[in-house]
Amino acid sequence: MNEFNKIMETIKMIEKEKLDIRTITMGISLLDCCSSDGKKSRQKIYDKITKKAENLVKVGNQIETKYGIPIINKRISITPISLIAQASNDTSYVEYAKVLDKAAKTVGVDFIGGFSSLVQKGYSKGDKLLIESIPQALYETEKLCSSVNIGDTKSGINMDAVKHMGEIIKKTAYLTRMNNSIGCAKLVVFSNAVEDNPFMAGAFHGVGEADSVINVGVSGPGVVKAALEKVKGESFDTVSETIKKTSFKITRAGQLVANEASKLLDVPFGILDLSLAPTPAVGDSVARILEEIGIESCGGHGTTAALALLNDAVKKGGIMASSHVGGLSGAFIPVSEDEGMINAVKAGSLNIEKLEAMTCVCSVGLDMIAIPGDTPSSTISAIIADEAAIGVINKKTTAVRLIPAYGKTTGDEIEFGGLLGKAPIMAVSKFSSENFIKRGGRIAAPVHSFKN
Amino acid sequence: MKAVITVIGKDKIGIISKVTTVLSEEKVNILDISQTILQDYFTMLMLVDLTKLNISLKKLNNILNTEGKKVGVKVKIQHEDIFNAMHKL
């Protein structure tokens, strides 16, 4: 291929196939912002974030102009606030949430993530207070995202936290009912949460990370779909090769942006997240890739295998293109944020059970799924438990981001707008999990041998 | 710094002159030009040197876009590294 065609290929990817850099996320450690006085602690937090991320948006825009590639979001992730706030004597952390939101608005970022707690084995004082504060915090803020890790492969699943999170999700849905329960779109329940994820709502800055760091998330489902359109009917070997090559190119663009952002901001580069992140725009869908591979409508038999191939090939292609790969890295399957997924739900080919199966082979989990507002909290907890079990046993990250849309029922649709898209309300099992959830306690860590 | 300018749109008289006039006014040196008609679409690529550029890249981008619109073409300017990163090992 000559230079002319290569240049035109890149132009086409950006202009027509919606190639973009989804996010430049600056991770900021707040470990030096603890204080026994909550007010002092919040002042330190505000000062640190607004100083460190002062130029983040400006630099993002500069890079966008220089390379002519859209950078959709600039974001901040911070140390889980439960760790910082519990040094204080505060009994609610809503004020912390408000300060974080204010800091995010001051520097002009799209989201700030890290109103988080890690309770895979148990609660410390701050974890309990933080989790209790989540509904009000999400109600009173716009840019804040929250996440809670309730299980991991080495600790098992904290079923008390699972029960608790079902209730917290319901409360959040109720408090934000005037906006289609949007608070729940900014709340993720994880198992095996990663510490360097640049994507929301689950981003936080782990304690093993440097003081500040630049993580970048690429996107580009449309580019993969367009590449596969050229190999219609060919074998899986060709499909995989095509995805790998495309993923390599996308990732190289991401690495270039990451290096440049790291240099201009004088903040070390952390990781590149290879995830294929869809948007609600036509031509930017992961579901449509699966359909291009040969499934009539996403969710039909074969979908899980197609997704497994896609997820694996994206990683294989991307790993060589970046110096450090991390975060979630795979294919995302958020229902409301993917035009093809929405369509598949409406067509009747995709349901929550099939989505659960799909989460076994791709990154993250049951994501951006709207369910009836009258779903009992124990059912939501049970869905979280199922998803956590998949993650814990298979040593992978899984997440649950459900929206029990207040006052809505199966067949209705809710619209969030922007990147969050719109969601048809999906049915959940009508059978009760009440007795299962009310047991409490912990599910022990799995045995790491005798794998079958 | 070197950049690639792409000009895409329906073919008509005066496209090259419009774009190159802007470039010469803003002290942009053209190193290489290739142009073709792809499915009725005028497609031009230019490799340019921006070392002597007397305005910001953003401003140049805006002017090129405005002037491009007058003759019905889309003009894009990008640092050459994005193409090198994606297509060269």
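These numbers come from the heavy atoms of this one structure, side chains and all, not from hydrogens, waters or symmetry mates. In what follows, chains carry the letters A, B, and so on, assigned in the order in which the sequence lines appear, proteins first and then strands, with residues in each chain numbered from 1. It should be emphasised that the depicted structure is a prediction, and the values quoted were computed from it without experimental measurement.
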Residues A:Ile11, B:Val4; criterion side-chain contact (heavy atoms from CB on, under 4.5 Å); working and verdict
CA-CA 11 Å; A:Ile11 301 282; B:Val4 173; over 6 Å; no
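Among residues 309-320 of chain A, the residues having any heavy atom closer than 4.5 Å to a heavy atom of chain B are, in sequence order, A:Met320.
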Between chain A and chain B, are any donor-acceptor pairs under 3.5 Å, and how far apart is each one to 0.1 Å?
residue	atom	partner	partner atom	Å
A:Lys6	O	B:His87	NE2	3.1
A:Thr10	OG1	B:His87	NE2	2.7
A:Glu15	OE1	B:Lys74	NZ	2.7
A:Glu15	OE2	B:Lys76	NZ	3.2
A:Lys66	O	B:His79	N	2.7
A:Tyr67	O	B:Gln78	NE2	3.0
A:Gly68	O	B:Lys76	NZ	2.8
A:Arg252	NE	B:Ala85	O	2.6
A:Arg252	NH2	B:Ala85	O	3.3
A:Arg252	NH2	B:Lys88	O	2.4

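Environment of CD1 in B:Ile37: crowded, with over 12 heavy atoms of neighbouring residues, nucleotides or ligands closer than 6.0 Å.
Looking at B:Ile8, the atoms closer than 4.5 Å to chain A (heavy atoms on both sides) all sit in the side chain, from C-beta outward. For A:Ile63, no part lies near chain B; criterion is any non-hydrogen pair under 4.5 Å. In this structure, chain B has a heavy atom under 4.5 Å from the side chain of A:Leu256, while its backbone stays farther away.
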